[in-house]
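One-based numbering along the sequence shown.
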Amino acid sequence: TERITRLAADPESHTDIHELLVLTFTKAAASEMKSRISASLTRKLEAADAAKDLPLVRHLERQISLLSSAQISTLDAFFQSLVRQYFYLLDLDPKTRIMADENDARILADDVLTEVLERWYEEGDPDFLTTCDLFASGHQDQALRQMILRMHSYASSMPFPDVWLARLPDAYEIPGDATLDTLPWTQPILSELIDTAGKICDLYRQSFSLLDLHPIARDVYGETLSQEYAFFSSLAQVTTWQALYAMPSFTPQKMPILSAAKAKAYGIKSTDFSKSPDAESIKALRNMAKDTYKKKLLPFLSITPSQWIKETRAMAPEVKVLSALALDFGRSYLARKKQEGVMEFNDLEHYTLALLLDTKDPDFTPEHSEDFPSEAALSIRRNYKEVMIDEYQDTNGIQELITTLLSNGHNRFLVGDIKQSIYRFRQADPTIFLSKYHRFLKDGKGGRRIDLNRNFRSDAAVLSLSLIHI
């Protein structure tokens with residue numbers, strides 16, 4: 001809000017407020033943003049009027065009058081306006097409406113999926129029937145249906161869902177001499193395991209802070225916790241799968257108790273110590289570490305690399321079937337929606353992307369799609385001097401590509417906080433934000449990163465107390 005107001009209020013910026021494309025995720029956020037901008041411009045107008053700065057008064061009056069036509073809206077609303085304006089370029093009926101009721105979309109999707117599966121059942125492909133048996137529960141195929149719908153939903157958040165689905169089986173075609181370290185799709189998994197080990201180490205370090213304050217607890221738990229911490233600390237430093245599987249085996253032991261002899265020496269009862277707040281806190285932290293290990297690390301450490309590769313390779317036929325089913329469903333579902341004159345919000349994104357891309361260029365590839373804006377994209381791009389995106393941590397792949405195509409390559413202003421990412425269930429991809437956070441250096445190469453690390457909303461006492469416990 002501050003940047004928008006500063007640009008619009010400064011005649012030297014040569015930027016009218018309707019030349020800014022400002023996008024966010026909720027109507028409430030867009031409305032509040034407009035209200036704040038209006039209030040800020042009004043205050044500046046009053047100050048300029050009091051100072052008898054007539055040129056500035058006229059400029060601010062113009063900005064306030066333009067505010068009602070300024071493009072400050074949700075992404076969906078902006079995409080809808082583009083589709084309505086350029087429907088003739090999309091082979092789309094201008095009367096097509098958005099299905100606002102999720103139940104309507106669910107019923108329609110279920111009906112289409114039934115038709116698709118019936119066709120596959122009639123064809124009787126052996127790999128399809130094997131896949132059905134894999135997901136079957138009695139005579140029900142509900143698990144298979146849910147898998148297809150989940151695959152479709154996930155793929156729809158990507159710029160090119162058909163490409164992603166078609167390539168999905170490639171990861172399961174594993175060469176005979178492959179190792180986990182040579183497979184590209186295993187590296188993100190390894191990074192996640194290492195990160196998890198680091199988080200477990202943080203839990204042990206919190207325990208050690210409590211041990212430092214309580215000599216009895218240090219005497220009872222110190223050795224056990226130190227040995228376990230050493231394992232996870234080593235695990236957090238591995239860089240290859242080979243090193244991971246070379247780690248010694250680990251089984252969490254039962255937490256020791258204060259012996260009667262030591263309890264007598266300390267002048268306390270063993271049961272009183274084990275039930276004390278300090279001991280309970282330490283055991284709670286250690287239980288959190290143990291549970292995280294069992295749920296997130298142990299499943300990977302319990303299977304050998306060769307077994308993992310063998311079983312993944314064996315899944316290739318079923319994954320090919322799932323890929324083909326999801327592609328068939330997606331195309332059939334889109335055709336049915338066109339037939340009935342309806343669309344979903346993710347269709348809105350894909351129609352917008354289709355409008356903005358020049359896929360007919362012979363050099364076009366999905367990997368470099370941002371380099372192929374359409375004539376419509378170039379025309380729309382000229383309307384805006386800056387493209388601003390709020391809550392950037394909640395964007396997905398297709399929204400990212402759309403806003404890239406609408407910018408000139410160096411006029412996007414992105415605001416986000418990875419800790420406030422709340423739309424993963426809608427296929428938001430916070431790694432888009434993280435990649436730029438790490439890539440944009442403070443010297444401005446490739447993009448400038450501005451860390452907003454001051455808190456202006458919380459009382460100093462609240463912040464001080466939070467910092468003690470974080």
Who passes salt bridge (charged side-chain N to carboxylate O under 4.0 Å, His left out) against R381, sequence neighbours left out?
none
Residues in salt bridge (charged side-chain N to carboxylate O under 4.0 Å, His left out) contact with K34, at least two apart in sequence or another chain:
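K34: no salt bridge (charged side-chain N to carboxylate O under 4.0 Å, His left out) contacts found.
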So do the side chains of [X] and [Y] get within less than 4.5 Å of each other, counting heavy atoms only?
| X | Y | result |
| --- | --- | --- |
| L108 | M99 | yes |
| I402 | L75 | no |
| T312 | W185 | yes |
| P159 | L353 | yes |
| E318 | T130 | yes |
| M151 | L168 | yes |
| L180 | I309 | yes |
| I194 | L244 | no |

Worked check of side chain to side chain contact (heavy atoms under 4.5 Å, CB included) between E228 and R286:
CA-CA 10 Å; E228 294 180 351; R286 197 266 188 168; 2.5 Å; yes
Determine yes or no for a side-chain-to-main-chain donor-acceptor pair under 3.5 angstrom, with [X] supplying the side chain and [Y] the backbone.
| X | Y | value |
| --- | --- | --- |
| S31 | A28 | no |
| S302 | L298 | yes |
| S233 | A230 | no |
| T292 | I200 | no |
| S38 | S35 | no |
| R36 | T5 | no |
| D76 | F345 | no |
| S157 | S153 | no |
| N287 | K283 | yes |
| T196 | E192 | yes |

[X] atom [atom1], over 12 foreign heavy atoms within 6.0 Å:
| X | atom1 | value |
| --- | --- | --- |
| M255 | CE | yes |
| K385 | NZ | yes |
| Q187 | CD | yes |
| K436 | NZ | yes |
| E102 | CD | no |
| I216 | CD1 | yes |
| Q242 | CD | no |

Run the numbers on M288 and Q206 for side chain to side chain contact (heavy atoms under 4.5 Å, CB included), then give the verdict.
CA-CA 12 Å; M288 289 173 60; Q206 292 180 52; over 6 Å; no
Kindly compute the distance separating [atom1] ([X]) from [atom2] ([Y]), expressed to the nearest 0.5 Å.
| X | Y | atom1 | atom2 | result |
| --- | --- | --- | --- | --- |
| F273 | I257 | CZ | CD1 | 10.5 Å |
| H152 | N346 | NE2 | CG | 6.0 Å |
| R205 | F232 | CZ | CZ | 12.5 Å |
| L190 | D181 | CG | CG | 7.5 Å |
| K264 | S270 | NZ | OG | 14.5 Å |
| M33 | I37 | CE | CD1 | 6.5 Å |

Give the C-alpha distance, both sets of side-chain angles, the deciding distance and a yes or no for salt bridge (Lys or Arg N to Asp or Glu O under 4.0 Å) between E367 and R167.
CA-CA 13 Å; E367 291 77 12; R167 293 176 179 176; 2.7 Å; yes
Using a strict 4.0 Å threshold on nitrogen-to-oxygen distance, state whether K262 and D219 make a salt bridge.
yes
Taking K199 first and then D195, would you say they form a salt bridge - that is, a charged N and a carboxylate O separated by under 4.0 Å?
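Looking at K199 and D195, the cut-off is met.
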What are the two closest non-hydrogen atoms of [X] and [Y], and how far apart are they?
| X | Y | value |
| --- | --- | --- |
| P366 | V163 | CG-CG2, 4.2 Å |
| D162 | R331 | OD2-NE, 3.4 Å |
| P188 | P184 | CD-O, 3.4 Å |
| D10 | S13 | O-OG, 2.8 Å |
| V116 | F329 | CG2-CA, 4.1 Å |
| S369 | L405 | O-CD2, 4.0 Å |

Hey, mind stepping through D347 and K337 against salt bridge (Lys or Arg N to Asp or Glu O under 4.0 Å) and telling me if it holds?
CA-CA 10 Å; D347 295 321; K337 285 184 285 188; 2.7 Å; yes
Worked check of side chain to side chain contact (heavy atoms under 4.5 Å, CB included) between L414 and T395:
CA-CA 11 Å; L414 317 170; T395 55; over 6 Å; no
Between E344 and Y333: side-chain donor-acceptor atoms closer than 3.5 Å
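Yes - a donor-acceptor pair under 3.5 Å links their side chains.
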Take L117 and I148 through the side chain to side chain contact (heavy atoms under 4.5 Å, CB included) test and state the conclusion after the steps.
CA-CA 10 Å; L117 288 174; I148 296 169; 4.1 Å; yes
Fit a plane to each ring of F78 and Y384, take the angle between them on a 0 to 90° scale, and name the class: parallel (under 30°), tilted (30 to 60°) or perpendicular (over 60°).
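Perpendicular.
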Report the residue from F208, Y221, F250 that forms a ring-ring contact (aromatic ring centres under 6.0 Å, His included) with Y229.
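The residue from F208, Y221, F250 that satisfies ring-ring contact (aromatic ring centres under 6.0 Å, His included) with Y229 turns out to be F208.
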